[in-house]
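Note that the structure is a prediction, hence the values are computed from the model and not measured. Heavy-atom basis, side chains included; hydrogens, waters and symmetry copies ignored. Letters A, B, ... are given to chains in the order of the sequence lines, protein chains preceding strands, and every chain is numbered from 1.
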Protein chains: 2
Amino acid sequence: MTDTVRKLVRQRLKNGDYTCRKEFTLAMFSGKWKVNIIYHLGHEGTYYFYQLQTLLPNASHKELAKKLKELVADGLISREEEDGPRIKMAYSLTPLGESLLPIIDSMYDWGEQRLQELHMNNVPFNLGPVKND
Amino acid sequence: MTDTVRKLVRQRLKNGDYTCRKEFTLAMFSGKWKVNIIYHLGHEGTYYFYQLQTLLPNASHKELAKKLKELVADGLISREEEDGPRIKMAYSLTPLGESLLPIIDSMYDWGEQRLQELHMNNVPFNLGPVKND
DNA sequence: CAGCATCCCTCGCGATACTG
DNA sequence: CAGTATCGCGAGGGATGCTG
């Protein structure tokens, strides 16, 4: 899942079921590229669409647009048109999106530390039930 | 994704690409039911498999087993056999799993606060581009 | 009680292409 | 430059059933 969570959560909310706090938050940045988008916008400021494409070369044009649209719908980022010879779309974090940054940052830190541990123990790619307890 | 992240990350690590800290962490609890499992084990202690089934009535037997297996493989939870008339499997968080709790907890808090905002603004199920900036 | 295999359907997401 | 539509594959995950 990536993005299944988002659909499920929206469904539950529609049914008046608000008992899904963690999943709700998870749904904000689940879905491919979303964490990265939030992270970059949060730490480096506004980006144009075409800049994001360069930043995430593996993300297809379509998916990038789709994810940005969802992030806007969720209120995490804002979208502004900038005129010129060619129209450019500027994306940046909203205050709501910024409030999510600490969580993303701690995910970054946790991941970095854990990856170093795995690396040092010569467990290059086994995330497994090694003796890291 | 639910769980696509996990596969992708493992693949990247295999290729020696360690530049995926956030995604790596995300992969730990992405995938249906995982956040809940971690949360429950973290805050309420050890659970037997059949207790988890009761706790998460919507999770299928198969998926629950599968997710638990992955969590064990990732080193977040431990699995212990307990003999008796019927064998029971006891699951609990490892120290590594516990180190993830703060993140899950902040996700819980963020979600709770955001859901309250939405509720108060009479935006029962629209997660949308409302004027909550 | 718990794990794993099989069948099957849904949906995320990539590739490609058209529009303003 | 940016958004959206169409097609297609592959993976997540539900239902069911067998095994120890």
Send over the distance from [X] [atom1] to [N] [atom2], rounded to a whole Å.
X        : N       : atom1 : atom2 : value
Lys34(A) : dG12(C) : NZ    : C1'   : 12 Å
His61(B) : dA15(D) : NE2   : P     : 13 Å
Glu63(B) : dA15(D) : CD    : P     : 11 Å
Leu52(B) : dC1(C)  : CG    : P     : 13 Å
Tyr48(B) : dG3(C)  : OH    : P     : 14 Å
Leu64(A) : dA15(C) : CG    : C1'   : 15 Å
Glu80(B) : dA2(C)  : CD    : P     : 14 Å
Lys66(B) : dC4(C)  : NZ    : P     : 12 Å

Identify which nucleotide among [options] has an atom closest to any side-chain atom of [X], counting heavy atoms from C-beta outward.
X        : options                   : result
Phe49(B) : dA2(C), dA15(C), dC1(D)   : dA2(C)
Trp33(A) : dC13(C), dG14(C), dG14(D) : dG14(C)
Lys62(A) : dC11(C), dA11(D), dC13(C) : dC13(C)
Lys88(A) : dC1(D), dC4(C), dA15(C)   : dC1(D)

Verify the contact: side-chain N or O of [X] to OP1 or OP2 of [N], cut-off strictly under 4.0 Å; return yes or no.
X        : N       : value
Tyr91(B) : dG3(C)  : yes
Arg79(B) : dG3(C)  : yes
Tyr47(B) : dA2(C)  : no
Lys7(B)  : dG10(D) : no

Toward the 5' end of DNA chain D, which comes first, Arg86(A) or Ala65(A), by nearest nucleotide? Arg86(A)

Check for a donor-acceptor pair, side chain of Ser99(B) on one end and backbone N or O of Leu96(B) on the other, with a separation under 3.5 Å. yes

Ignoring hydrogens and geometry, is there a side-chain-to-backbone donor-acceptor pair from Arg12(B) to Thr19(B) under 3.5 Å? yes

Shared ILVMFWY cluster between Tyr48(B) and Ile37(B), side chains joined below 4.5 angstrom? no

Under 3.5 Å side-chain donor-acceptor pair for Asp17(B) and Gln11(B): no

Using a cut-off of 4.0 Å on non-hydrogen atoms, how would the nucleic acid contact of Lys69(A) be classed: base, sugar-phosphate, or nothing? sugar-phosphate

Can you label the angle between the Phe49(A) ring and the Tyr91(A) ring as parallel, tilted or perpendicular, going by 30° and 60°? tilted

Does any donor-acceptor pair link the side chain of Lys32(B) with the base of dG13(D) at a separation under 3.5 Å? no

